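Please read these numbers as outputs of a predicted model, since none were measured by experiment. Side chains included, hydrogens not; waters and symmetry mates left out as well; all remaining heavy atoms used.
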Amino acid sequence: NKPLIGYHDGQGFLYKLSGASKLLFFLLVSIACMTTYDTRLIAAVGILSIFLFKMADIHWRDISFVMKFITVFAVLNVVMVYLFAPDYGAKTLLFEGFGGFYLSSQEIFYLLNLVLKYFCTVPLAILFLMTTHPSQFASSLNQIAIPYKIAYSVSLTLRYIPDLQE
C-alpha cells in the first residue's frame, strides 16, 4: 500500500537540487502562472511539469488519484465560476442560453485559463513534495526566512502524512 503523496526516494537531478532552490522555483513559477492570462506560458509550464515527472521517474499510478481529484475539483470550480459569473468579458456570443446565461468566446478563454492554472501549478506542487525530503523542506523554509519553529512544524507534518495515509 503506497502512500497517496509524499517523498519518494529517487535518482536524478531533481532529487539532487537543494530544497531551497526547488521551493523558490515552485513559488516563482506558481506566482507567474497564477497572475498571468498568457495561455502559452501556462501551457508551457504544464508541459514542463510533465517532462519533469518523467525526469524524476514518477509514474502516473503514483499520482493518478491526486490528479483525478484535482480534475474533479477544477471542473467543479469552472462550473461554479460560470454559474455565479456567467458574463465575464465582452460579448462575442457563441451560445445564447436563458436569462443571463450565455457562452462567449471570452468566457471560454477565461475558463480554459482557469483550468490550465490548476494543471500547471498542482503538478509542480506534487513534484516538489515527492522529490524533496521533509527535513530538506524544513531547511529550505528556514533559508527563505521562515522562522525555525514553523519550518520544523511543517517538516514534522510532512513526515507523518504517509503514516496517516496508511
Side-chain angles (χ1 to χ4, degrees), residues 3-8 10-132 136-137 140-141 143-146 154 158 161:
L4 184 64
I5 193 168
Y7 177 70
H8 287 234
Q11 300 294 322
F13 91 97
L14 281 175
Y15 293 94
K16 294 176 185 172
L17 288 173
S18 72
S21 62
K22 286 189 269 188
L23 180 62
L24 284 175
F25 174 78
F26 167 66
L27 290 175
L28 292 174
V29 171
S30 294
I31 290 169
C33 286
M34 295 311 271
T35 57
T36 188
Y37 279 97
D38 185 352
T39 307
R40 298 165 298 187
L41 173 67
I42 299 169
V45 171
I47 292 168
L48 173 70
S49 66
I50 293 169
F51 179 70
L52 291 174
F53 273 114
K54 288 262 189 221
M55 291 185 74
D57 199 32
I58 296 173
H59 303 284
W60 173 251
R61 67 180 176 272
D62 298 333
I63 60 166
S64 65
F65 177 79
V66 175
M67 292 305 291
K68 288 174 186 173
F69 179 77
I70 295 302
T71 301
V72 169
F73 185 77
V75 168
L76 182 64
N77 189 26
V78 164
V79 168
M80 290 299 139
V81 166
Y82 179 72
L83 289 177
F84 289 106
D87 55 353
Y88 182 82
K91 289 186 179 181
T92 308
L93 288 181
L94 299 175
F95 172 76
E96 191 166 348
F98 59 93
F101 293 97
Y102 55 86
L103 202 53
S104 68
S105 58
Q106 292 81 6
E107 184 78 25
I108 290 174
F109 175 73
Y110 173 71
L111 296 174
L112 171 72
N113 275 331
L114 194 62
V115 168
L116 282 175
K117 287 179 184 207
Y118 278 105
F119 289 104
C120 83
T121 55
V122 171
L124 287 176
I126 293 170
L127 192 64
F128 175 73
L129 288 172
M130 293 182 82
T131 61
T132 308
Q136 191 182 30
F137 179 65
S140 68
L141 286 175
Q143 288 177 351
I144 62 167
I146 302 292
V154 170
L158 289 176
I161 286 175

Spacing of [atom1] belonging to [X] relative to [atom2] belonging to [Y], to within rounding of 0.5 Å:
| X | Y | atom1 | atom2 | value |
| --- | --- | --- | --- | --- |
| D62 | M67 | CG | CE | 13.0 Å |
| I58 | I126 | CD1 | CD1 | 9.0 Å |
| L116 | L112 | CG | CG | 4.5 Å |
| F13 | M55 | CZ | CE | 4.5 Å |
| T131 | L52 | OG1 | CG | 9.0 Å |
| K68 | W60 | NZ | CH2 | 6.5 Å |

message = Applying side-chain hydrogen bond (donor to acceptor under 3.5 Å, both in side chains) as the test, list every pair that has at least one member in residues 40-53; sequence neighbours left out.
response =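 Every pair satisfying side-chain hydrogen bond (donor to acceptor under 3.5 Å, both in side chains) with a residue in residues 40-53: D38-R40.
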ask   = Which residue pairs pass the side-chain hydrogen bond (donor to acceptor under 3.5 Å, both in side chains) test when at least one of the two sits in residues 16-25, sequence neighbours left out?
value =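 Listed once each, the pairs are S18-S21, K22-T132.
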request  = For the residue pair F26 and L127, establish whether any side-chain heavy-atom pair is separated by less than 4.5 Å.
outcome  = no
query = When you measure from the side chain of Y37 to the backbone N and O of Y110, does any donor-acceptor pair fall under 3.5 Å?
reply = no
Considering non-hydrogen atoms only, spot the tightest contact between [X] and [Y] and give its length.
| X | Y | value |
| --- | --- | --- |
| T121 | M34 | CG2-SD, 3.8 Å |
| A32 | L41 | O-CD2, 4.4 Å |
| Q143 | A20 | OE1-CB, 2.7 Å |
| C120 | G46 | CB-N, 3.7 Å |

inquiry  = side chain to side chain contact (heavy atoms under 4.5 Å, CB included), that's the test. Do I63 and M130 meet it? Break it down for me.
reply    = CA-CA 10 Å; I63 60 166; M130 293 182 82; 3.6 Å; yes
ask   = Sequence neighbours excluded, which residues qualify as salt bridge (Lys or Arg N to Asp or Glu O under 4.0 Å) partners of D57?
value =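 In terms of salt bridge (Lys or Arg N to Asp or Glu O under 4.0 Å), with neighbours along the sequence ignored, D57 is linked to no residue.
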request  = Please lay out, stage by stage, how I42 and F119 fare under the test side chain to side chain contact (heavy atoms under 4.5 Å, CB included).
outcome  = CA-CA 9 Å; I42 299 169; F119 289 104; over 6 Å; no
Results of side-chain hydrogen bond (donor to acceptor under 3.5 Å, both in side chains) for [X] - residues two or more places apart only:
| X | result |
| --- | --- |
| Y118 | N77 |
| T36 | none |
| T39 | N113 |

task = Evaluate the criterion side chain to side chain contact (heavy atoms under 4.5 Å, CB included) for residue pair L14 and L17; output intermediate values, then yes/no.
result = CA-CA 5 Å; L14 281 175; L17 288 173; 4.1 Å; yes
